[in-house]
Amino acid sequence: MKYPSQDCIPGLWDSKASATFCCWAMRGLLCALSSLRVLNTTSSFLTGSGWALTFAPTLACLSCYFSRRRSLATGLALTGVGLSSFTFAPFFQWLLSHYAWRGSLLLVSALSLHLVACGALLRPPSLAEDPAVGGPRAQLTSLLHHGPFLRYTVALTLINTGYFIPYLHLVSHLQDLDWDPLPAAFLLSVAAISDLVGRVVSGWLGDAVPGPVTRLLMLWTTLTGVSLALFPVAQAPTALVALAVAYGFTSGALAPLAFSVLPELIGTRRIYCGLGLLQMIESIGGLLGPPLSGYLRDVTGNYTASFVVAGAFLLSGSGILLTLPHFFCFSTTTSRPQDLVTEALDTKVPLPKEGLEED
């Protein structure tokens, strides 16, 4: 693990506090609003802005702390997403039954306010091994001329286009197959549990398996695309449950690796700008995917084309991953160059620079 210095990156604290305050203020403000249009606008814009300004710096900071165990650390950190998805839905229903929607939003805003304390505890490190790359404008310019980064962004955008389709349309697809709503919703809970396990296992494998993390990411992405394309084929309940488990595991497995690959491509010095730019572009896929799948359902009358096209998007993104540097490199000494830096930093020597020079 890398220990941070006192030289923190300017502006991170302001962005975290501002983003968290936006989320909290928005939810409190909603209680005074009566217009559904205003409610939807403020909820979508302010919540989305707060999430973007909070998630990206936090995950980028985590990438700077770890190198050899970066995938496992990211996988463990992202288990919170699976846990919250699994527990918050019934919890919010309980809040609604006891405090109505206004009181529920106030309590949720109070929970979100705790992110201020979490952000205050993060200290982004300034790493000695990273060369100076200039300010935000210089970093943005260099990233826009960075071929591997641009190809990786395109790949994740395609992956994001089909990634969320089961969470939106799987229940409706099962109802078309004469499933009751409750068992159909339970199948999503099964996928969420499998997703949680997949994140941890994938994080551990990402650090244990020699070679670039990109190969594992391509594997999980391919399996996720195949499982999506097979959903219309499965008719028996056993086959659908097996596919839900497979989709949950593989889609959860690719999540931590998608963020672990980025520091290997652009370095940790540009990780803040790179992760923000990556998420801004890949969100276009998440924005276009659900309407496209809904349109295909209206045109065809079923969800067969929706799931097949979603799987094709993931397989296309998986193919682009093949073009990234060192994908076909099988040398264990050159596949993880940051390991040498971490070993030097973790070694207790009086002068860390000498350790770096020796490595």
Side-chain angles (χ1 to χ4, degrees), residues 75 78-79 81-90 155-202 217-258 282-318:
L78 292 178
T79 55
V81 178
L83 288 174
S84 61
S85 299
F86 181 74
T87 60
F88 194 80
L156 286 193
T157 302
L158 292 172
I159 293 170
N160 217 30
T161 303
Y163 184 87
F164 300 102
I165 300 306
Y167 292 104
L168 297 172
H169 297 306
L170 181 58
V171 173
S172 299
H173 171 64
L174 294 176
Q175 289 178 343
D176 289 347
L177 299 177
D178 297 328
W179 280 49
D180 293 331
L182 185 60
F186 176 74
L187 198 63
L188 282 183
S189 299
V190 172
I193 296 174
S194 182
D195 176 284
L196 183 66
V197 177
R199 293 172 188 264
V200 179
V201 173
S202 174
L217 177 59
M218 190 273 293
L219 172 64
W220 297 128
T221 304
T222 302
L223 293 177
T224 304
V226 171
S227 64
L228 277 175
L230 289 177
F231 266 115
V233 179
Q235 300 291 327
T238 304
L240 287 169
V241 171
L243 276 178
V245 172
Y247 166 77
F249 185 89
T250 55
S251 63
L254 73 86
L257 298 185
E282 72 168 348
S283 62
I284 298 175
L287 179 66
L288 297 179
L292 175 61
S293 62
Y295 172 76
L296 292 175
R297 167 65 173 83
D298 293 338
V299 171
T300 61
N302 54 58
Y303 287 99
T304 299
S306 300
F307 283 101
V308 171
V309 171
F313 274 116
L314 272 88
L315 293 176
S316 300
S318 177

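The structure presented is a predicted model; accordingly, all values stated were derived computationally and were not measured.
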> Identify the heavy atoms of Tyr303 and Ser172 that sit nearest to each other, and give their distance.
OH-CB, 3.3 Å
> Taking only residues at least two apart or on different chains, which pairs with a member in residues 226-245 satisfy ring-ring contact (aromatic ring centres under 6.0 Å, His included)?
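Listed once each, the pairs are Phe231-Phe307.
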> Taking atom OH as the centre, does Tyr167 end up with more than 12 heavy-atom neighbours from other residues, nucleotides or ligands that are less than 6.0 angstrom away?
yes
> Is there any salt bridge (Lys or Arg N to Asp or Glu O under 4.0 Å) pair reaching into residues 308-318, and which pairs are they, with sequence neighbours excluded?
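For residues 308-318: none.
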> I would like to know whether Tyr247 and Leu243 meet side-chain contact (heavy atoms from CB on, under 4.5 Å); could you show each step before the answer?
CA-CA 6 Å; Tyr247 166 77; Leu243 276 178; over 6 Å; no
> Between Ser227 (side chain) and Leu223 (backbone), is there a donor-acceptor pair under 3.5 Å?
yes
> Is a donor on one side and an acceptor on the other found under 3.5 Å between the side chain of Asn160 and the backbone of Glu282?
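Pair found, side chain donor or acceptor close to backbone of Glu282.
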> I need the minimum non-hydrogen distance between Ser318 and Thr221, along with the two atoms involved.
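Smallest heavy-atom distance, with atoms named: CB-CG2, 3.9 Å.
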> Could you report the tightest heavy-atom contact between Ala229 and Val308, atom names first, then the distance?
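In terms of heavy atoms, the two residues are closest at O-CG2, 4.2 Å.
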> Would you give the length of the straight line joining atom CZ of Arg199 to atom CG of Leu254, rounded to the nearest 0.5 angstrom?
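Spacing of CZ (Arg199) from CG (Leu254) equals 8.5 Å.
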> Decide yes or no on side-chain contact (heavy atoms from CB on, under 4.5 Å) for Thr300 and Thr304, but give the supporting numbers first.
CA-CA 8 Å; Thr300 61; Thr304 299; over 6 Å; no
> Rounded to the nearest 0.5 Å, what separates atom CG in Leu296 from atom CD1 in Ile165?
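Atom-to-atom, Leu296:CG and Ile165:CD1 are 9.0 Å apart.
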> Can you tell me how far the OG atom of Ser202 sits from the CG atom of Leu219, to the nearest 0.5 Å?
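Reported value, rounded in 0.5 Å steps: 9.0 Å.
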> Could you report the tightest heavy-atom contact between Gly317 and Ala155, atom names first, then the distance?
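Minimum heavy-atom contact is O-CB, 3.5 Å.
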> Carefully, step by step, assess Thr224 and Thr250 under the rule side-chain hydrogen bond (donor to acceptor under 3.5 Å, both in side chains).
CA-CA 5 Å; Thr224 304; Thr250 55; 3.0 Å; yes
> Output all residues satisfying side-chain hydrogen bond (donor to acceptor under 3.5 Å, both in side chains) with Ser316, sequence neighbours left out; order by chain, then residue number.
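With sequence neighbours excluded, Ser316 shows a side-chain hydrogen bond (donor to acceptor under 3.5 Å, both in side chains) to no residue whatsoever.
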> Return the minimal non-hydrogen interatomic distance between Leu287 and Pro291, and the atom names on each side.
O-CD, 3.1 Å
> Which residues pass the ring pair (Phe, Tyr, Trp, His ring centres under 6.0 Å) test with Tyr163, sequence neighbours left out?
none
> When you compare the side chain of Phe313 with that of Leu292, does any pair of heavy atoms fall below 4.5 Å?
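SC-SC contact between Leu292 and Phe313 confirmed.
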> What residue pairs, at least two apart or across chains, pass salt bridge (Lys or Arg N to Asp or Glu O under 4.0 Å) with a residue in residues 285-301?
Asp176-Arg297
> Compare every heavy atom of Leu228 with every heavy atom of Pro166, then report the nearest pair and how far apart it is.
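Nearest heavy atoms, Pro166 then Leu228: CG-CD2, 3.0 Å.
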> State which residue, out of Leu177, Asp178, Val171, fulfils the side chain to side chain contact (heavy atoms under 4.5 Å, CB included) condition with Gln175.
Val171
> Restricting to side-chain contact (heavy atoms from CB on, under 4.5 Å), what partner residues turn up for Pro237, sequence neighbours left out?
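Partners of Pro237 by the side-chain contact (heavy atoms from CB on, under 4.5 Å) criterion, ordered by chain and then number, come out as Trp179.
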> Does either side chain, that of Ser293 or that of His169, offer a donor lying less than 3.5 Å from an acceptor on the other one?
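Result is yes, a qualifying pair exists.
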> Taking atom CD1 of Ile284 and atom OG1 of Thr161, what is their separation to the nearest 0.5 Å?
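Interatomic distance, Ile284 CD1 to Thr161 OG1, rounded to 0.5 Å: 9.5 Å.
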